[in-house]
Engineer: 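First the structure, which I've put down as structure tokens, then a few questions once you've had a look.
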2 protein chains.
Amino acid sequence: MKIDVKECARLLKEHNNILILTHAHPDGDTLGSGFALLRALLKMGKTARVVNDDEIPAKYGYLYSDLQPLSFKEEYIVAVDVATENLLGNLQHIYSGKINLCIDHHMTNTQYADNVLLRDAPAACEIVYDVVNELGTEIDSKIADCLYTGISTDTGCFRYASTTAHSYRVAAKLIELGADNGLINRKMFETKSKTYVNLERLALNGLELFCNDRVAVITVTQEMYSETGSNEQETEALAPLTRQIEGVEIGITIREKKDKTCKASLRTYESVNAADLAKFFGGGGHAQAAACRFDCSVEEAKKRLIKKCSEILK
Amino acid sequence: MKIDVKECARLLKEHNNILILTHAHPDGDTLGSGFALLRALLKMGKTARVVNDDEIPAKYGYLYSDLQPLSFKEEYIVAVDVATENLLGNLQHIYSGKINLCIDHHMTNTQYADNVLLRDAPAACEIVYDVVNELGTEIDSKIADCLYTGISTDTGCFRYASTTAHSYRVAAKLIELGADNGLINRKMFETKSKTYVNLERLALNGLELFCNDRVAVITVTQEMYSETGSNEQETEALAPLTRQIEGVEIGITIREKKDKTCKASLRTYESVNAADLAKFFGGGGHAQAAACRFDCSVEEAKKRLIKKCSEILK
């Protein structure tokens, strides 16, 4: 059932021992949403915990490093920024069909939860901001850091066309409440490890253009990780680079996973709907940023994607 | 004399045939300030014009492409976002000592103008926003585009630590007034020409680290422009890359000019004041982004800069 912010806050107030699920391959918005909500619930005296199927990249440490993970038997399960249950990774096998509440901003949300607070917003954290306010919890600097992180990361640091005046206003408010915007953006956008810099160099050297230079493809293999000391987590930052070359309408980053399957990150401009493209391959996302998985080699996935792209661009 | 926004608006209202000077090697803030002010003055029925010593990069075309440059004998000269007269380039030989009004946000401003509206702000456009409001001119979508451009470019798209809650609020207001934030940020930050992509690849391949990897240096020579088809204008975008490598405190980009002199762009974090470093070599700027010129070769400039950096980092 679709619910509003008031009802969402009422449900959270009513429950305890709350487990907060974030999506696999976590980003700043799912983690920011999860830890902001966690902190608000803890301030209300509740017991709660955030879980994720993957290891959380070290750069997000400031979101939770001061917290002790609590052990308890969950009584209420909340998913944040999770459009479909399969985005939970392996957690879906445990929690599928059992999720009580979902707070999300993906309009492709499959409404798998009993109650869904869904709004078309640049970041789930903008909705969580409203929920925390509705809960009546004071937003301290730590909660502000979490919420700012989600808004900043999901808008490409306020860069994407989807960023609204409201996003900027919430950000202004969060900075006033103590969000350390400079440090957060530096961690999220301005800091590249030497291993990543080497991966980026390698990846860009192998960048290929297709469909009259309207499609750019970067592929990242396990071999490139060995060569550079980089890893899959760091690959996330490559995706936006594909779209930046003048004339490119679809940017694709295909990363090979350890089990030799692969994942493609899709970035587009207005002319192409990335979510539709991802959906064709069983994935999902937003109009200009989406992703899908392939049970085949990088080369095969590339072929399939380019075939579909050339159909779309006709 | 230092003046406030009210007095600045009064002076502008009092005069006509206004020449607006922007700094050489123009960026989004000086151009955004100049054209926003120009548009406001034109709406008031005044005659005015923006001038710059250099050719304005094509990507800024939307700031002024709908305007016809007016020909007139200037009666009042205004400089925007110009900290010192020598930043006017060759225009300083014509206008030095004759500038009536300066609107600026560099606290290093030498107060060369008769009247100076100076405030420590992330962008000159935030101050021009106040001036336009004080003039009583309605901010239309074109003026909003100009002002948004300056704020976005001078804050690295709201990324730098110097970005304030106020910057975000003004941006929100400008978006509501019609600023096309998505398109502007795409033009300013998300679009790389193929020639630039090649220059970046070449520059990053030549990146060197000094002082225990605390200083990163990129050098761009005229030969690299020939090889890639890129040019000096495009080099601006390289400067932020130097600071992004983990552990780097000073990022330096030295570009060789046609006359074999060179210019260094300096980027730092809190630990080092870039303006002080630039000042040592006769330049200027902000605490974390500054620039200076050298009448010597790139190699010699690099030597001098590294020597000074190693002293500072001791």
Side-chain angles (χ1 to χ4, degrees), chain A residues 59 148 151-152 155-198 200-201 204-205 207 209 213 216 237 240-241 243-248 251 267 269-270 288, chain B residues 59 148 151-152 155-198 200-201 204-205 207 209 213 216 237 240-241 243-248 251 267 269-270 288:
Chain A
K59 66 175 179 177
Y148 181 91
I151 299 174
S152 182
T155 58
C157 203
F158 304 89
R159 204 180 264 198
Y160 302 151
S162 55
T163 320
T164 63
H166 184 72
S167 313
Y168 283 87
R169 283 234 170 71
V170 175
K173 192 76 200 155
L174 293 171
I175 290 167
E176 282 167 350
L177 290 166
D180 194 347
N181 56 307
L183 195 67
I184 291 169
N185 289 331
R186 183 172 156 184
K187 278 181 198 278
M188 296 298 113
F189 301 103
E190 295 272 323
T191 309
K192 297 177 177 180
S193 65
K194 282 178 204 152
T195 54
Y196 171 77
V197 170
N198 287 330
E200 187 182 287
R201 202 180 291 181
L204 288 180
N205 281 337
L207 183 140
L209 296 172
D213 298 356
L241 304 182
R243 193 177 50 178
Q244 290 185 346
I245 302 165
E246 222 169 2
V248 167
R267 296 290 184 278
Y269 283 124
E270 298 76 16
Q288 299 181 4
Chain B
K59 66 175 179 177
Y148 181 91
I151 299 174
S152 182
T155 58
C157 202
F158 304 89
R159 203 180 266 198
Y160 303 151
S162 55
T163 320
T164 63
H166 183 72
S167 313
Y168 284 86
R169 283 232 169 74
V170 175
K173 192 75 198 157
L174 292 171
I175 291 167
E176 283 167 349
L177 290 166
D180 194 346
N181 55 307
L183 195 67
I184 291 169
N185 290 330
R186 183 172 156 185
K187 279 180 197 277
M188 296 298 114
F189 301 104
E190 296 271 323
T191 308
K192 297 177 178 179
S193 65
K194 283 177 203 152
T195 53
Y196 172 76
V197 170
N198 287 329
E200 187 183 286
R201 201 180 291 182
L204 288 180
N205 281 337
L207 183 141
L209 296 172
D213 298 355
L241 304 182
R243 193 179 50 179
Q244 290 185 346
I245 301 166
E246 221 169 1
V248 167
R267 295 290 183 277
Y269 283 124
E270 298 75 15
Q288 297 181 5

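Proteins come first, then strands; the chains are lettered A, B, ... in the order of their sequence lines, and each starts at number 1.
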Engineer: First locate atom CD1 of A:I245, then atom NZ of B:K194, and finally report the distance between them rounded to the nearest 0.5 Å.
Structural biologist: 8.0 Å
Engineer: Sequence neighbours left out, what passes side-chain contact (heavy atoms from CB on, under 4.5 Å) with B:Q244? Give chain and number order.
Structural biologist: A:E190, A:K192, B:R159, B:L241
Engineer: Nearest 0.5 angstrom please: B:N205 CG to A:N205 CG, how far?
Structural biologist: 6.0 Å
Engineer: Just verifying a value: how many Å separate A:K59 NZ and B:E246 CD, rounded to the nearest 0.5 Å?
Structural biologist: 11.0 Å
Engineer: Return all side-chain donor-acceptor pairs below 3.5 angstrom for residues 173-185 of chain B, not counting sequence neighbours, or 'none' if the list is empty.
Structural biologist:
unit_1, atom_1, unit_2, atom_2, d
B:E176, OE1, A:R169, NH2, 3.0
B:E176, OE2, A:R169, NH1, 2.8
B:N181, ND2, A:T163, O, 3.1
B:N185, OD1, B:S152, OG, 2.7
B:N185, ND2, A:F158, O, 3.3
B:N185, ND2, B:Y148, OH, 2.9
B:N185, ND2, B:N181, O, 3.2

